[in-house]
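Everything below concerns the one structure shown next.
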Amino acid sequence: MGEVRAEILSTGRAYPEGIMTNADLEKLVETSDEWITSRTGIKERHRAAEGEYTSLFAVAAARQAIERARIDPIDIGLVICATVTPDQILPSTACLIQAELGCNKAAAFDIAAACSGFLYGLTLANQMIRSGLTRYALVIGAEILSRYVDFTDRSTCVLFGDGAGAAVLGPTDEDRGILATRIYSDGRFAEQLYSPGGGTRIPPTAETLSGGLHYFKMKGNELFKVAVRSMADVSLEVLNEAGYKPDDVKLFIPHQANQRITEAVASRLNVDDSIVYSNIAYHGNTSSASIPIALDECIEKGKVQEGDLVLLASFGGGVTWGGVLLKW
Ligand code: UT7
């Protein structure tokens, strides 16, 4: 028997039906379709309606993944929900999902690592499966970022979208699965993307709400450079660890933050555009949901075949970043 690794058995995705186009945003703030398209690559993003909440889409995406994996929810020993826009502070969104799906023997918790949350989750699930602590794990990235977007701030409101993606992982002793993972953080950059109010430091009051302190604030320009460098470096690190080179990668899915970031990372890695997946035009930046949504789309489109090397890289608020290399 070979070394036991965790592999992704299946994926799923779900998002609100509501769509906000660049033309819709032109009516809210001083912006243009031309600016948004050329600076970010985004054309439209899904937006939750009143009454919709994060776990609704998380559960839908997870159900799809569980059905495709053909496993019983009771056999799932770990439910991780990566989110910075939970249903509520307490309990964790993962517990709400766990109950809804009937994963009645699972540990469940949220990970708040912003856009890197899904890769943080894959890293933890990988270790729990390898160590034998659990057989099957469900890792979800789910966000309703539009609830924390200031629709009077043109520098952020054009970027973010809502949605969820999920993956079921299980063990394999065949020559495939997760080959290498790396996750990092640097809280010195915390205030480059953050929501100052609404927690214990600045508790929610009528004043903090009217002052918009719960909204996401971002120094996009400064983050841009760190994002490109971190995602390229961590990609090389996981490739090196597994003994591969960028040329060997058949599919590269970076976190969808900005089309220009994706292109800059691809150029640093010197990989061909044809292997780099982008769906930012139709989803915007969905934070922790962006990579699992993209992966599910790639599987549906037949972009990933048995034996392919798949590289995932992320960067987000915290700041946090990570890389995962898989053999399909
Ligand atoms: O999810 C992971 C974490 N997030 C990121 O990694 C995001 C990284 N950053 C970015 O994607 C980009 O920095 C942005 C898309 C956020 C901004 O693009 P940029 O090319 O860095 O623009 P900028 O912030 O340097 O702003 C350039 C100009 C400014 O005007 P002035 O000061 O030059 O007159 C902005 O006020 O563009 C203006 N601007 C806009 N104009 C029209 C900013 N947002 C808009 C807008 N429409 N929506």
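We're numbering straight along the sequence, starting at 1. Both counts, for ligands and for their atoms, begin at 1 and track the order of listing.
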- [ ] Could you see which bit of Ile261 sits under 4.0 Å from ligand 1, with heavy atoms only: side chain, backbone, both or neither?
- [x]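 Side chain only; the backbone of Ile261 stays clear of ligand 1.
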
- [ ] Have a look at ligand 1 and work out which part of Asn285, if any, has a heavy atom under 4.0 Å from it: side chain, backbone, both or neither.
- [x]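 The part of Asn285 near ligand 1 is the side chain, not the backbone.
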
Within the 4.0 Å heavy-atom shell around [X], which atoms of ligand 1 are there?
{"X": "Asn258", "value": "10 (C), 11 (O), 12 (C), 15 (C)"}
{"X": "Val158", "value": "48 (N)"}
{"X": "Thr40", "value": "15 (C)"}
{"X": "Cys115", "value": "1 (O), 2 (C)"}

What protein heavy atom lies closest to [atom]? Include the residue and the distance to one decimal.
{"atom": "atom 17 (C) of ligand 1", "value": "Trp35 CH2, 4.0 Å"}
{"atom": "atom 36 (O) of ligand 1", "value": "Arg154 NH2, 2.9 Å"}
{"atom": "atom 2 (C) of ligand 1", "value": "Phe315 O, 3.3 Å"}

- [ ] Would you name the heavy atoms of Ser116 and Gly322 that are closest together and state the gap between them?
- [x]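 Scanning both residues, the minimum pair turns out to be OG-N, 4.2 Å.
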
- [ ] Could you tell me if the ring centre of Tyr215 sits under 6.0 Å from that of Tyr148?
- [x]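 No, the ring of Tyr215 stays outside the 6.0 Å limit from the ring of Tyr148, centre to centre.
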
TODO: From atom 26 (O) of ligand 1, work out which of Lys225, Arg260, Arg39 has a heavy atom at the shortest distance.
DONE: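 Looking at heavy atoms only, the winner is Arg39.
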
Task: The one among Met218, Gln259, Lys219 that brings a heavy atom closest to atom 7 (C) of ligand 1 - done: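 Looking at heavy atoms only, the winner is Met218.
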
Task: Polar contact flag for Gly220 and ligand 1 (N/O pairs, less than 3.5 Å) - done: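 Indeed, backbone or side chain, Gly220 has an N or O that close.
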
Task: Geometric N/O contact Asn221 with ligand 1, under 3.5 angstrom - done: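 Yes, there is a polar N/O contact under 3.5 Å.
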
Task: Any donor-acceptor N or O pair under 3.5 Å, side chains Gln259, Ser278 - done: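 Side-chain D/A pair, Gln259 to Ser278: present.
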
